[in-house]
S.K.: 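The structure under discussion is supplied below as structure tokens; questions concerning it will follow.
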Amino acid sequence: MNNPSPPSVCFYFQVHQPYRLRDMRITDIGRGKPNYFDCEKNEEIFRKVARKCYLPANKLMKELLMSYPDFSVSYSLSGIFIEQCKKYGTDVLESFVELAKTGKAEFLAETYYHSLSSLKSIEEFCEQVSLHAEEINNIFGQTPKVFRNTELIYSNELAQIARLMGFKGILAEGADSILKGRSPNNPFAVPEFTMPKQITRIIETKRPLSKEADDITVLLKNYKLSDDVAFRFSDKSWIGFPLTAETFTDWLMEGGGRNVNLFMDYETFGEHQWEDTGIFEFLRSLPAVWKSLGISALTPSEVIEKWKEERDVFDSHSVISWADTERDLSAWQENLIQRSSLDDLYSLESAIKETGNGELIELWRLLQISDHFYYMCTKYFSDGDVHKYFNPYESPYEAYRRYSHALHDIKERLNSFRPSQCQDNL
Amino acid sequence: MPIHSLMFGWEYPPMNLGGLGVACRGIVRGLTGNGVKITLVLPSSGAQENGVEIISTDNPLIKTFRVKSMMSPYDNMKDYALRATSNPRKFAQMYGSDLQDAVEWFSDSGLELAKKADPDVIHCHDWMTYPAGMLASKYCKKPLVAHIHATEMDRTNFQPDQWIYDTELGGFRSADSIIAVSNYTKDILVSHYGIPSDKIKVVHNGSDGIKHNPIKAGPIERKNPLVLFLGRLTIQKGPAQFLEMAAKVNEIDPKVMFIIAGDGNMTGELMTKACELGLSRNVIFAGRVSSSEAHHLYSHADCFVMSSLSEPFGLVALEAVEHGVPVILTKQSGASEVVNHAFKIDYWDTEKMADCVLTILKDKRLSKQLKSRAFKDIRHLTWENQAAKIKSIYENLIYSMKSSD
């Protein structure tokens, strides 16, 4: 029997912190310039997560990158996260720069505001990706080549848009509904089709990279193995508990394929899974086990280069994501208040941009952070409590109340820029 | 053989006198729907003199006895005494010149009925009926279920009458099982009465199902948004907090109207307060309302606020939801455990309460979502479903008593 070579592994960690909204009141609307955000809380949470996760995890990661030649990783840092680093933790940003300096950490592209703009406005989407790419270049001295959309929101169309933007790779969820029994452990091609002219024209003028890519490869998250670490690691009722690096590697080998994509929130290390669960020790021991078995951990760009030929097609007509068991858009679009807030927000786009007022545009973009809509999700009332765990507010309706006040306020501000026009309906 | 429950409960009130009578009727109907036979003993001012009156119903599983009594749900010493003095002297002498005597008279009458009833289980509702339940349980040697709809702590804002508290405590301790109407109430029993939590089962209240379409009825065109309060005007229900909220809403939107339906010992002071707050044009005191009047009010309300300081359940919240009215509930309530799609606030935070009211009034999409989703929240809470849980509590008690014989 053949003894096929073991798959490689690709680690990608999402690093993001939203801006949480202040307890605004109706009386604040249109009365000067209230701050929409709870700066104190945002700083407090940032420092807490920095202490529990970012700093110790980066320290460990640097050690591993230095010690193991065949071990690389990748990150995507939202622009909002980088902003918060500058405000609340230059130590954190510095530690990411250290990782970049090893030459073995790839930084991916995403929307600067961790937004849902890909669903709402191609123009805004392109602008945000460009802003982000520029920022990554400034800080880490590397231009992103691979794109990951907010919460791995993905479709055929989006893959083409990313290609036209110049990216040679894109990440997505290994959704069962689309894989239909195929393994996520292989790089996939995307279906080819022609985009409408008006869209390609917008992309051409606003794309983050100098020219479009000839081809794009999609890397699919192996959600079973990823979630074993991200969600189940400390679950004592789980059959895999306690998970060791050896067992995990066995599972990884059993799955076969060319490359296993382990995509997860970076906060898994120390924040979702606390230090006392042994998560750092687990991470520390992986590269040694992998080395002994000849498994290398590659960056997304390396995986894409390595397996350019022999790709099957991943055909995702509908929009998928990595959120919840549904792996669709329902985490942000499940109910009426979510949909209407999102529609309202993007309906302001052209008017806001026409003002040319940087402050107003920035504020409008901060209201695009996808977490605002995630917190309004009411699915958890009936199933699961992941939303509840991640919700800084007491309820989805509290999230909506605050958001709706902020949205009304920004409309009032907008109106003050165009007094000649009649007031927007409140 | 069906399970036979001897129940000391409360009459369905002709006027909206609070949830106790409504809940008792729901539980009785729900239990018979689950095949339980009930001998129901009710204190009643309308009963014939000299004792006990049998009421016939068309449900063969229910046998009802009314015991002449001047007790009324939510009584305290003062309210009872006031009522006693307004009745002929001989009544008071016979059925209790004070509340203690009245409870004793009811318990003794109950015992006489228990001697003939031969029940499998005894079930009593709130403290005034606990001594009756305890006597009957002791005589019949059958398990006792103490149902708690409201504690003295809830009624008095945690400043209880000692005798009433002790009577409650006696009932809780003697009971073989306690049914609390919410986890909120269960927690009060554990923390303020020292009852072990494994003795307390939570069965949320139900509702008689939807007789009305949740879409608003009535052709009346109103210009002014309407915010509704419905409940006894006592400290427990937080009418003062409701008024404070109204004043804050009024500052921002003077068009908004407020209806306070119900009466109680705070009526006078609330009316004065409303005037002091400059709300005389915006607040309507509707007094005690019948259920059809309540239906009418719900049908026209744009928002319902349950501002209770401590609310074991709060059936009015369910009624509002059934009528398709968006609700704002205090976190200090049992209803907030079952209605997910609502704003939930602390009773003291009247500023946020006002903000929630204004948000609902100005936002049709929010209002629409709250209506339709909250309605789904409570669909499964029928009295029949809830009574099935009570029946299984009966069965466990009866089974464990038999197996320990």
Side-chain angles (χ1 to χ4, degrees), chain A residues 21-31 34 36 38 330 332-347 372-373 375-385 387-388 391 393-409 411-412 423-426, chain B residues 225 227 245 247-256 303 305 321 326-333 335-347 349-381:
Chain A
L21 292 159
R22 191 171 67 83
D23 183 359
M24 274 183 79
R25 297 298 156 88
I26 279 184
T27 41
D28 294 327
I29 298 171
R31 309 254 170 107
Y36 297 168
D38 189 340
S330 57
W332 311 274
Q333 297 271 275
E334 165 254 354
N335 63 45
L336 182 62
I337 56 173
Q338 289 175 309
R339 292 190 296 269
S340 56
S341 327
L342 197 65
D343 288 346
D344 279 6
L345 179 72
Y346 282 94
S347 72
H372 297 316
F373 306 96
Y375 297 146
M376 294 177 203
C377 181
T378 55
K379 277 196 295 181
Y380 75 76
F381 287 145
S382 45
D383 54 7
D385 54 4
H387 284 260
K388 203 169 186 172
N391 203 331
Y393 315 117
E394 282 165 351
S395 83
Y397 291 104
E398 177 63 11
Y400 176 75
R401 191 184 61 79
R402 295 179 186 206
Y403 188 82
S404 145
H405 292 353
L407 195 55
H408 280 98
D409 186 74
K411 285 181 191 171
E412 298 252 326
Q423 299 250 313
D424 253 338
N425 286 335
L426 274 186
Chain B
V227 181
M245 172 276 289
K248 285 168 179 140
V249 170
N250 185 255
E251 271 174 39
I252 294 159
D253 188 351
K255 288 198 306 296
V256 181
C303 175
V305 180
V321 168
V327 295
I328 298 169
L329 311 171
T330 51
K331 290 178 200 164
Q332 295 72 27
S333 73
S336 68
E337 293 165 20
V338 296
V339 182
N340 292 316
H341 294 267
F343 278 113
K344 295 167 193 179
I345 33 104
D346 290 306
Y347 70 83
D349 196 350
T350 53
E351 203 175 291
K352 192 168 225 171
M353 206 186 289
D355 203 72
C356 292
V357 167
L358 287 162
T359 306
I360 287 176
L361 295 182
K362 80 181 168 73
D363 192 331
K364 288 207 169 62
R365 293 174 299 199
L366 170 67
S367 169
K368 188 177 167 194
Q369 175 166 322
L370 288 171
K371 283 179 202 180
S372 63
R373 295 283 179 104
F375 190 70
K376 285 178 191 156
D377 278 340
I378 64 162
R379 263 190 316 203
H380 66 284
L381 282 177

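Numbered from 1 within each chain, the chains take letters A, B, ... in sequence-line order. Fair warning: this is a prediction, and the values are worked out from it, not measured in the lab.
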S.K.: Is atom NZ of B:Lys255 surrounded by more than 12 heavy atoms (other residues, nucleotides or ligands) closer than 6.0 Å?
M.R.: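 No, not enclosed.
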
S.K.: Select one option (side chain, backbone, both, neither) describing which atoms of A:Asp28 are under 4.5 Å from chain B's heavy atoms.
M.R.: neither

S.K.: So, A:Asp343 and B:Arg365, do they make that salt bridge, N to O below 4.0 Å?
M.R.: no

S.K.: Tell me, for B:Ala342 versus chain A, whether the close heavy atoms (under 4.5 Å) come from the side chain, the backbone, both or neither.
M.R.: backbone

S.K.: Looking only at heavy atoms, what is the nearest atom pair of B:Leu358 and A:Ile26, with distance?
M.R.: CB-CD1, 3.2 Å

S.K.: Rounded to the nearest 0.5 Å, how far apart are CD1 of B:Ile345 and OG of A:Ser395?
M.R.: 11.5 Å

S.K.: By a 4.5 Å heavy-atom criterion (distance strictly below it), what part of B:Asp363 contacts chain A: side chain, backbone, both, or neither?
M.R.: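 Looking at B:Asp363, just its side chain touches chain A.
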
S.K.: If the condition is ring pair (Phe, Tyr, Trp, His ring centres under 6.0 Å), which residues does B:His341 pass it with, not counting sequence neighbours?
M.R.: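 By the ring pair (Phe, Tyr, Trp, His ring centres under 6.0 Å) rule, B:His341 matches A:Phe381, A:Tyr397.
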
S.K.: Using a cut-off of under 4.5 Å on heavy-atom pairs, state which of B:Glu351, B:Glu251, B:Lys344 scores highest against chain A.
M.R.: B:Glu351

S.K.: If you apply the rule side chain to side chain contact (heavy atoms under 4.5 Å, CB included), what do you find for A:Glu398 with B:Lys352, and how did you get there?
M.R.: CA-CA 10 Å; A:Glu398 177 63 11; B:Lys352 192 168 225 171; 3.1 Å; yes

S.K.: Between atom CG of B:Asp355 and atom CZ of A:Arg402, what is the distance when rounded to the nearest 0.5 Å?
M.R.: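 Here the interatomic distance stands at 10.5 Å.
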
S.K.: Quick one: CG on B:Asp349 to CG on A:Asp23, what's the gap to the nearest 0.5 Å?
M.R.: 7.5 Å

S.K.: Taking the side chain as every heavy atom from C-beta outward, state whether A:Leu336 and B:Arg373 have any atom pair closer than 4.5 Å.
M.R.: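 A:Leu336 vs B:Arg373: side chains apart.
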
S.K.: Determine, step by step, whether A:Thr27 and B:Ile252 satisfy the side chain to side chain contact (heavy atoms under 4.5 Å, CB included) criterion, reporting the C-alpha distance in whole Å, the side-chain angles of both residues, the deciding distance to 0.1 Å, and the verdict.
M.R.: CA-CA 8 Å; A:Thr27 41; B:Ile252 294 159; 3.3 Å; yes

S.K.: Do you know the tightest heavy-atom contact between A:Ile337 and B:Gln369?
M.R.: N-OE1, 2.9 Å

